[in-house]
**Student:** 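I have a structure here, written as structure tokens, and I will follow up with some questions on it.
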Protein chains: 2
Amino acid sequence: MTGRPSNAASERLRQAGLRPTRQRLALAGLLFDGGDRHVTAETLHREAIGTHVRVSLATVYNALHQFTKAGLLREVVVDAGRAYFDTNTRHHHHFFVEHDGALSDIAAGGVEVSRLPAPPAGTEVERVDVVVRIRRRQG
Amino acid sequence: MTGRPSNAASERLRQAGLRPTRQRLALAGLLFDGGDRHVTAETLHREAIGTHVRVSLATVYNALHQFTKAGLLREVVVDAGRAYFDTNTRHHHHFFVEHDGALSDIAAGGVEVSRLPAPPAGTEVERVDVVVRIRRRQG
DNA sequence: TCCCTAATTAGAATAATTCTAATCTATTGA
DNA sequence: TCAATAGATTAGAATTATTCTAATTAGGGA
């Protein structure tokens with residue numbers, strides 16, 4: 001076992017300026033090997049533990065924030081009590097089921113926001129987020 | 001001091017099915033005597049203490065949630081770490097400055113959201129929230 | 001290889017919120 | 001009017017979510 005690790009996750013981390021440590025590689029594998037995902041620190045940590053990766057919850061938080069700063073993830077604000085992270089970093093919006101915390105994407109082209117008023121003097125728009133809160137129909 | 005309290009705040013609470021207790025009257029006064037406001041539990045508690053109202057932070061949280069359930073307030077989700085409450089309960093949207101937590105309203109008519117995709121099968125739309133994240137222009 | 005430096009990890013501390021036991025208040029009946 | 005009862009309310013304690021920082025680990029040059 002001499003060669004440097006050089007799989008996709010490792011390369012992705014390297015290019016983001018983050019050392020491909022054991023913990024980060026494992027978390028990146030869970031996050032990026034597959035389709036788009038939405039996670040919280042808690043769900044990702046539980047998943048890591050479930051696959052026998054030894055990593056603390058604090059490290060999961062650190063990694064999620066580092067990945068976000070590096071542009072590999074995007075934070076989604078839909079719940080005042082919990083931070084969600086999305087592996088889809090393209091501009092898009094969300095459906096959110098408050099009852100169970102389920103999140104799903106709406107492609108940017110799927111919603112049109114028009115007639116936005118000018119932002120307050122001295123400020124500029126950074127991003128426009130649309131959250132469609134939905135609930136399961138009773139029955 | 002015999003007559004029952006019967007000012008505006010008291011009446012508002014009574015109609016919401018909430019006892020007009022000393023704590024609730026004081027908080028309602030701070031919230032509703034004036035124009036529209038945005039508060040967090042922390043800012044409202046600080047304000048109450050500043051006006052010599054003895055009330056615990058937990059009670060402020062309770063009151064904010066009770067007022068929200070009664071339709072006197074509306075929760076605004078713009079920050080994953082902190083709950084904001086808005087005295088403007090009409091349908092509308094928000095500008096949010098992440099750096100300092102400043103919130104301001106955008107009248108419902110000020111934004112148009114069109115071409116919304118149908119929500120996932122078995123669900124119905126409860127509310128559509130638009131958050132325009134802005135930042136102070138550097139300088 | 002060893003040392004130096006800087007990045008990284010995770011236990012401890014903090015911040016935000018909720019829970020629940022104790023307290024208070026309104027109402028009823030005597 | 002007064003006491004007893006039931007239900008609502010308050011706030012200290014507990015929990016949950018997140019961040020901080022000291023100790024550890026790892027990379028790169030001599």
Side-chain angles (χ1 to χ4, degrees), chain A residues 1-6 9-11 13-28 38-49 53-70 72-73 75-85 98 101, chain B residues 1-6 9-10 13-28 30 38-49 53-70 72-73 75-85 98 101:
Chain A
M1 218 107 65
T2 51
R4 62 181 116 60
S6 61
S10 179
E11 202 43 45
L13 290 177
R14 230 182 266 285
Q15 289 185 1
L18 296 168
R19 281 196 204 161
T21 61
R22 177 177 62 77
Q23 290 89 340
R24 284 187 188 141
L25 281 170
L27 296 174
H38 300 100
V39 302
T40 65
E42 185 61 34
T43 63
L44 184 59
H45 182 240
R46 209 183 295 282
E47 198 176 334
I49 296 301
V53 173
R54 290 184 57 254
V55 60
S56 74
L57 182 57
T59 296
V60 174
Y61 272 100
N62 289 338
L64 287 172
H65 286 133
Q66 291 153 352
F67 290 2
T68 299
K69 183 141 52 137
L72 303 177
L73 289 177
E75 188 177 347
V76 183
V77 179
V78 287
D79 183 327
R82 197 178 304 257
Y84 284 78
F85 294 86
E98 302 208 34
Chain B
M1 221 107 64
T2 52
R4 65 181 114 59
S6 62
S10 180
L13 290 177
R14 228 182 268 285
Q15 288 184 2
L18 297 168
R19 281 195 203 160
T21 61
R22 177 177 62 74
Q23 289 90 337
R24 285 189 188 140
L25 281 170
L27 295 175
L30 293 172
H38 300 101
V39 302
T40 65
E42 186 60 36
T43 63
L44 184 59
H45 182 240
R46 209 186 294 285
E47 197 176 335
I49 296 301
V53 173
R54 290 183 56 254
V55 61
S56 75
L57 183 57
T59 296
V60 173
Y61 272 100
N62 289 339
L64 287 172
H65 286 133
Q66 290 152 353
F67 291 3
T68 298
K69 182 140 54 135
L72 303 178
L73 290 177
E75 187 178 346
V76 183
V77 179
V78 286
D79 183 326
R82 197 179 302 260
Y84 284 78
F85 295 86
E98 302 208 32

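So you know, we letter chains A, B, ... as the sequences are listed, proteins then strands, and number each from 1.
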**Student:** Under 4.0 Å from any heavy atom of chain B: name the first and the last nucleotide of DNA chain D that qualifies, 5' to 3'.
**Tutor:**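 Listing 5' to 3', DNA chain D meets chain B from D:dG7 to D:dG12.
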
**Student:** Between C:dA16 atom C1' and B:Y84 atom OH, what is the distance in whole Å?
**Tutor:**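 Atom OH in B:Y84 sits about 13 Å away from atom C1' in C:dA16.
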
**Student:** Under 3.5 Å, side chain of A:Y84 to main-chain N/O of A:G101, donor-acceptor pair present?
**Tutor:**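 Between the backbone of A:G101 and the side chain of A:Y84 there is a qualifying donor-acceptor contact (under 3.5 Å).
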
**Student:** Touch check for A:E42, heavy atoms < 4.0 angstrom, all strands: base, sugar-phosphate only, or nothing?
**Tutor:**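 Since no nucleic acid heavy atom lies under 4.0 Å of A:E42, the category is nothing.
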
**Student:** May I have the distance from B:R46 (atom CZ) to C:dA16 (atom C1'), rounded to whole angstrom?
**Tutor:**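 Atom-to-atom, B:R46 to C:dA16, this comes out as 13 Å.
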
**Student:** Is there side-chain contact between A:D79 and A:T40, with at least one heavy-atom pair below 4.5 Å?
**Tutor:**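 SC-SC contact between A:D79 and A:T40 ruled out.
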
**Student:** How do B:G81 and B:R22 order along DNA chain D: which one's closest nucleotide is nearer the 5' end?
**Tutor:**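 Going by which nucleotide is closer to the 5' end, it is B:R22.
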
**Student:** Can you find a pair of side-chain heavy atoms, one from B:V77 and one from A:V77, that are under 4.5 Å apart?
**Tutor:**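 Yes, close enough: below the 4.5 Å cut-off.
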
**Student:** Once you apply a heavy-atom cut-off of 4.0 Å, does B:A83 come out as touching a base, just sugar-phosphate, or nothing?
**Tutor:**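 Counting heavy atoms under 4.0 Å across all strands, the contact made by B:A83 is with sugar-phosphate only.
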
**Student:** What's A:L18 touching, base or sugar-phosphate or nothing? Going by heavy atoms closer than 4.0 Å.
**Tutor:**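 Sugar-phosphate contact only.
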
**Student:** Rounded to the nearest 0.5 Å, how far apart are OG of A:S10 and CZ of A:R19?
**Tutor:**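 So the OG of A:S10 and the CZ of A:R19 are separated by 13.0 Å.
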
**Student:** Strictly below 4.0 Å, heavy-atom distances to any atom of DNA chain D: list the hits from residues 58-69 of chain B, or just say none.
**Tutor:**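 DNA chain D contact set from residues 58-69 of chain B: B:A58, B:T59, B:N62.
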
**Student:** Taking side chain to side chain donor-acceptor pair (under 3.5 Å) as the cut-off, I'd like each qualifying pair that reaches into residues 58-67 of chain A, sequence neighbours left out, listed once.
**Tutor:**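 Non-adjacent pairs meeting side chain to side chain donor-acceptor pair (under 3.5 Å): A:R24-A:Q66, A:S56-A:T59.
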
**Student:** If I take atom NE2 from residue A:H45 and atom CG from residue A:L64, how far apart are they, to the nearest 0.5 angstrom?
**Tutor:**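 It comes to 11.5 Å.
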
**Student:** In this structure, how many angstroms lie between the P atom of C:dT18 and the CG atom of B:L57, rounded?
**Tutor:**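 In whole Å, C:dT18 P lies 11 Å from B:L57 CG.
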
**Student:** Are B:T43 and B:E47 close enough that some pair of their side-chain heavy atoms sits under 4.5 Å apart?
**Tutor:**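 With C-beta onward as the side chain, the pair stays apart.
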
**Student:** Are the side chains of A:Q23 and A:V53 in contact, using a 4.5 Å heavy-atom criterion?
**Tutor:**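 Of all side-chain heavy-atom pairs linking A:Q23 with A:V53, none is under 4.5 Å.
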
**Student:** Just verifying a value: how many Å separate B:L44 CG and B:F85 CZ, rounded to the nearest 0.5 Å?
**Tutor:**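 Separation between the atoms: 10.0 Å.
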
**Student:** C:dT18 P sits how many Å from B:H45 NE2, rounded?
**Tutor:**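 In whole Å, C:dT18 P and B:H45 NE2 are 16 Å from each other.
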
